[in-house]
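Below is one structure; the comments refer to it alone.
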Amino acid sequence: EISADFHCSNSAVFQTRLIKMQEEMLSSGKEKGFVSLVGAISGEIGNNSYDHNVGNWPDIPGVFFGYDNSNNIIVLADRGLGILKTLSRVRPSLNVHEDALYVAFTERISGRAPEERGNGLKFVRKIIAENPISLSFQTGDAKLQIEKKSGDLHIVKTRNNVQGCFAIIKF
């Protein structure tokens, strides 16, 4: 059972908490432009959970959304389909999580085809490349790391398997 303080059962709850997080960041003295960037990254990753799992949640719908502004960390997680299953709908040749993560962060592709979408995680990568923000992102048995002020993707296979997606943003 996830506390209501951290579980966003639908996107409206998530958006409300995202706005609250940004307001708290601003009131703690963080610069408005930077707060907007951190909010954009968090919003993109969190919204993907809803956008790509609508009607297909394997068990618990929604997003875990926790943050600690004093320690500059945000955690987002969902128990959705994951990136491989989502992208393999439009690119059946994808069959390992590492490849799916690489494609998601480098190519314009969307699991919501035929919609013209697929820029979100490239946008996340670009913001991180230009700012003191890092991202750790796991889906299935693959983990991606993007270090602060770097667009380089470090993707490794992990021993543990995550259902859905698990992201840690540090700033």
Side-chain angles (χ1 to χ4, degrees), residues 1-54 57 59-83 86 97 101-102 104-106 117-156 158 160-171:
E1 185 96 9
I2 301 171
S3 166
D5 292 339
F6 299 106
H7 183 242
C8 302
S9 58
N10 61 58
S11 63
V13 173
F14 174 70
Q15 289 301 319
T16 301
R17 291 206 65 230
L18 183 64
I19 291 166
K20 178 183 175 193
M21 178 193 76
Q22 292 176 88
E23 289 171 349
E24 289 175 9
M25 288 175 75
L26 288 170
S27 67
S28 74
K30 291 186 175 60
E31 192 266 321
K32 185 177 181 176
F34 185 73
V35 170
S36 294
L37 294 174
V38 171
I41 290 172
S42 303
E44 179 59 37
I45 293 170
N47 286 327
N48 278 349
S49 298
Y50 300 102
D51 294 345
H52 296 288
N53 291 298
V54 171
W57 295 98
D59 52 24
I60 302 169
V63 173
F64 173 92
F65 179 34
Y67 59 89
D68 182 339
N69 284 325
S70 61
N71 288 307
N72 300 327
I73 188 167
I74 299 164
V75 177
L76 295 152
D78 71 62
R79 292 185 50 83
L81 299 173
I83 291 178
T86 299
H97 295 282
L101 264 177
Y102 181 80
F105 279 85
T106 61
R117 304 183 66 93
N119 286 321
L121 294 176
K122 275 63 65 187
F123 169 73
V124 166
R125 181 181 179 196
K126 181 179 185 321
I127 290 173
I128 293 170
E130 298 169 356
N131 293 279
I133 304 168
S134 67
L135 173 67
S136 176
F137 191 105
Q138 185 169 348
T139 183
D141 64 357
K143 183 177 180 180
L144 170 140
Q145 185 73 35
I146 307 174
E147 297 299 329
K148 295 176 179 183
K149 293 194 174 192
S150 171
D152 297 341
L153 304 179
H154 302 281
I155 302 172
V156 297
T158 63
N160 61 335
N161 191 34
V162 169
Q163 177 183 321
C165 297
F166 177 71
I168 301 172
I169 302 163
K170 294 182 180 177
F171 53 94

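What you see is a predicted model; the values in this text were computed from it and never measured.
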### Query
Which distance, rounded to the nearest 0.5 Å, do you find between the NE2 of H7 and the CD1 of I60?
6.5 Å

### Message
Tell me which pairs pass salt bridge (Lys or Arg N to Asp or Glu O under 4.0 Å) where either residue lies in residues 130-144, with sequence neighbours left out.
### Response
K126-E130, D141-K157

### Task
Answer yes or no: does atom OH of Y102 have more than 12 heavy-atom neighbours from other residues, nucleotides or ligands under 6.0 Å?
no

### Query
Side chains of I74 and I45: does their closest heavy-atom pair fall under 4.5 Å?
no

### Message
Nearest 0.5 Å, please: how far is CG in N72 from OG in S28?
### Response
8.0 Å

### Query
Shortest non-hydrogen contact from T158 to A142?
OG1-N, 4.0 Å

### Task
Would you name the heavy atoms of I169 and S42 that are closest together and state the gap between them?
CD1-OG, 3.7 Å

### Query
Given side chains that start at C-beta, do those of L18 and F65 come closer than 4.5 Å, heavy atoms only?
yes

### Query
Counting only N and O atoms by type, is there a donor-acceptor contact under 3.5 Å from the side chain of K148 to the main-chain atoms of A129?
no

### Nearest non-hydrogen partners of G82 and C165, listed with the distance
CA-SG, 4.2 Å

### Query
Which of these passes side chain to side chain contact (heavy atoms under 4.5 Å, CB included) with H52: L81, D78, T86?
T86

### Query
Any donor-acceptor pair under 3.5 Å linking the side chain of E23 with the backbone of M25?
no

### Query
Can you find a heavy atom in the side chain of V38 that is under 4.5 Å from one in the side chain of Y67?
no

### Interatomic spacing from CZ in F64 to OG in S49 - rounded to 0.5 Å
12.5 Å

### Task
Drop me the distance from H97's NE2 to L144's CG, to the nearest 0.5 angstrom.
14.0 Å

### Query
Taking side chain as C-beta onward, heavy atoms only, is F6 less than 4.5 Å from V75?
no

### Task
Quick one: closest heavy-atom pair of E147 and I128, and the distance?
O-CG2, 3.5 Å

### Task
Report yes if some heavy atom in the side chain of R125 is under 4.5 Å from a heavy atom in the side chain of I146; otherwise report no.
yes

### Summary
The reported gap from CD in Q15 to SG in C8 (rounded to nearest 0.5 angstrom) is 9.5 Å

### Task
If the plane angle is over 60° it's perpendicular, under 30° parallel, otherwise tilted; pick one for F14 and Y50.
tilted

### Query
Side chains of I83 and F137: does their closest heavy-atom pair fall under 4.5 Å?
yes

### Task
Compare all side-chain heavy atoms of M21 with those of N69 and state whether any distance is below 4.5 angstrom.
yes

### Summary
Between A167 and L135 the two heavy atoms that sit nearest each other are CB-CD1, 4.1 Å

#### Entry: Note, F123 side chain near I41 side chain (heavy atom, < 4.5 Å)
no

### Query
For A12 and N10, which heavy atoms make the closest approach, and how far apart are they?
N-OD1, 3.0 Å

### Reported CD-to-NZ distance for the pair Q22 and K30, which is rounded to 0.5 angstrom
12.5 Å

### Query
Between the main-chain N or O of R79 and the side-chain N or O of Q163, is there a donor-acceptor pair closer than 3.5 Å?
yes

